[in-house]
Amino acid sequence: MNYINGELIEPRAKSFLENINPAEGKPYSLVPDSDAEDIQLATEAAQRAFDGWSAMPVEKRSATLQKIADLIDRDLDQLALAESTDQGKPVKLAKAVDIPRASANMRFFATGAIHFASEAHITGHEAINYTTHTPVGVVGCISPWNLPLYLFTWKIAPALAAGCTVVAKPSELTPMTAFLFSKLCIEAGLPKGVLNIVHGVGPKAGQAIVEHPDIVAISFTGGTVTGKKIATTAAPMFKKLSLELGGKNPNIVFADCDFEQALHTSIQSSFSNQGEICLCGSRIFVERTIYDRFVKEFVSRTAKLTVGDPHDEQTKIGALVSEAHMHKVLSYVELARQEGGKVLTGGRQVKIDGRCTNGYFVEPTVITGLGHMCRTNQEEIFGPVVTIMPFDTEDEVINYANSTGYGLSATIWTENLKRAHRVAAQLKSGIIWVNCWLFRDLRTPFGGMKQSGVGREGGWEALRFFTEAKNVCIKI
Ligand code: NDP
């Protein structure tokens, strides 16, 4: 059901799509196949709600959003199970990461908005300038399937906290947590029309959001090709745009690293969520003096990762999100072979017994023997597939790391402080982790360089994005 004007309603055309459980390879629910008419209804509801919501005292807005966060915490188990059933990830991971981070997003922006201040500037003895930030209006938030509730809340929380009203579309591949979230919004007493969640496919419901003349800003997370299409539509309409796009992130391991820590975390940064995290380090560069030892250990530990039923506590790698995506990932393994790569472990579909016998499982895969410019090392695979390459010098590895069109994140492993700063300064990535991965401080700006995105989310940047700045200059 869509969530429009505070109610759960069917799409106008009564058209639905099957929602597939990827671990079982079969449908388990229906999802609205909404169209421009549903987006129109949602936009009208958001417009009606705007004056009340944007004028509400920020403390009151904040309290409602914090109530939603409390309800997410209360329903952790149910939401984690839904996220896993939609997406294929281990329930354990959804419980430990996705859902707690979703409630953290709500809480962070709910409280952040209270402290969001306007600025004043004394201009010599001549003038005072003050700048106000007012909510921009009705905004569109479009999110992908890989971290469904986490990325959905990452977009809508700052929009709502800033005082905007929202028309949001989650990926049609993973709609269930957004549907459960709409029930929590009703329970928390979120005023009607403040948030509208319209389910459906990108080219129809998503495109209708981007094209709607009364939706004045678009916050999008997804693939680079879709981002380009959205920008093509939105730019001539002069909409505000925030695009969080794909990545092909380098993971650089210097010989002076803490070997065990680098190895352990690199396994996580390669295969967490089946490699379906935009921040996964899919290209591992290892200094030649430790290359053989690193590859041997990495391959041996990767081969022991349990691929299996996402409900099973022992499972480290669940199902890929869809059959089509599984075939895409496997086609990249084939491409890597054609390009001269050597598959040291993995590379095949896995058949699981029991309820998951028709699921979309792929072995974690490690490939060596490829150059940094081949397609396998240039294009985003977005699955449990990594390549490992040796390097000799710092300059060489910086060149390798920066050689793709992407620039989302990078990881550096070294115990040499000067080197860490030196290399970080030269990497063209929006976020660089040194001796860690996926560590987040929500106050920091987040986003990609080059084709990984435009704009920054997180902290004040996100709240600012959803506001319009106005400056008043008073001559004194
Ligand atoms: P897509 O770009 O295919 O889809 C993202 C969202 O956009 C979905 O809700 C999709 O709907 C919708 N959409 C598709 N076409 C249009 C359109 N023409 N107009 C408006 N909306 C549209 O990405 P995926 O869902 O496949 O997600 C994976 C990608 O997301 C990867 O490239 C990954 O790197 C990136 N990503 C980036 C992150 C970042 O922070 N930079 C974080 C997480 C993922 P539907 O699914 O219904 O087609």
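We count ligands from 1, going down the list as the structure has it; atoms in each ligand are counted the same way.
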Identity and distance of the protein heavy atom lying nearest [atom]:
| atom | value |
| --- | --- |
| atom 3 (O) of ligand 1 | T226 OG1, 3.7 Å |
| atom 21 (N) of ligand 1 | G206 CA, 3.6 Å |
| atom 27 (O) of ligand 1 | P144 CB, 3.3 Å |
| atom 13 (N) of ligand 1 | G202 CA, 3.3 Å |
| atom 39 (C) of ligand 1 | C278 SG, 3.3 Å |
| atom 40 (O) of ligand 1 | F446 CE2, 3.4 Å |
| atom 26 (O) of ligand 1 | W145 NE1, 2.8 Å |
| atom 41 (N) of ligand 1 | L245 O, 2.7 Å |

Going by distance only, is there an N or O of [X] that falls short of 3.5 Å from an N or O of ligand 1?
| X | value |
| --- | --- |
| G223 | yes |
| L151 | no |
| E380 | yes |
| S452 | no |
| V210 | no |
| K169 | yes |
| K229 | no |

Report summary line: Quick note on ligand 1: atoms under 4.0 Å from a heavy atom of G200 include exactly 47 (O)
Query - ligand 1 contact on N146 by region, counting heavy-atom pairs under 4.0 Å - result: side chain
Query raised in the report: At a non-hydrogen distance cut-off of under 4.0 Å, which region of L408 contacts ligand 1 (side chain, backbone, both, or neither)?
Result: side chain
Pairs under 3.5 angstrom only: tabulate donor-acceptor contacts from the side chains of residues 379-386 to other protein residues two or more places apart or in another chain.
unit_1	atom_1	unit_2	atom_2	d
E379	OE1	Y332	OH	2.5
E379	OE1	R375	NE	3.4
E379	OE1	R375	NH2	3.2
E379	OE2	R375	NE	2.6
E380	OE2	G247	N	3.1

Please determine if [X] and [Y] form a salt bridge, counting it only when a charged side-chain N lies under 4.0 Å from a carboxylate O.
| X | Y | result |
| --- | --- | --- |
| K204 | D38 | no |
| K89 | D98 | yes |
| E457 | K155 | yes |

Do [X] and [Y] meet the cation-pi criteria used here (NZ or CZ under 6.0 Å from the six-membered ring centre, within 45° of the axis)?
| X | Y | answer |
| --- | --- | --- |
| R456 | F446 | no |
| R48 | W53 | no |
| K240 | F465 | yes |

Sub-4.0 Å heavy-atom contact, [X] with ligand 1:
| X | answer |
| --- | --- |
| V201 | yes |
| S143 | yes |
| G447 | no |

Report task. Begin from the C-alpha positions of N2 and S34 and carry the test side chain to side chain donor-acceptor pair (under 3.5 Å) through to its verdict. Result -> CA-CA 8 Å; N2 289 331; S34 310; 2.9 Å; yes
Can you list, pair by pair, the side-chain donor-acceptor contacts under 3.5 Å of residues 365-374, counting residues two or more places apart and other chains?
unit_1	atom_1	unit_2	atom_2	d
T365	OG1	G347	N	2.7
T365	OG1	E363	O	2.8

**Report entry** Working for side chain to side chain donor-acceptor pair (under 3.5 Å), residues T387 and N377
**Finding:** CA-CA 7 Å; T387 60; N377 275 324; 2.6 Å; yes
**Report entry** Plane angle bin for F181 and F152 - parallel if under 30°, tilted between 30 and 60°, otherwise perpendicular
**Finding:** perpendicular
Report task. State the CZ-CG distance between F298 and L263, to the nearest 0.5 angstrom. Result -> 7.5 Å
Report task. Show your working on side chain to side chain donor-acceptor pair (under 3.5 Å) between Q207 and T233 and close with a plain yes or no. Result -> CA-CA 9 Å; Q207 186 69 17; T233 308; 3.2 Å; yes
Report task. Name the option, out of I142, I230, I381, that contains the heavy atom nearest to atom 12 (C) of ligand 1. Result -> I142
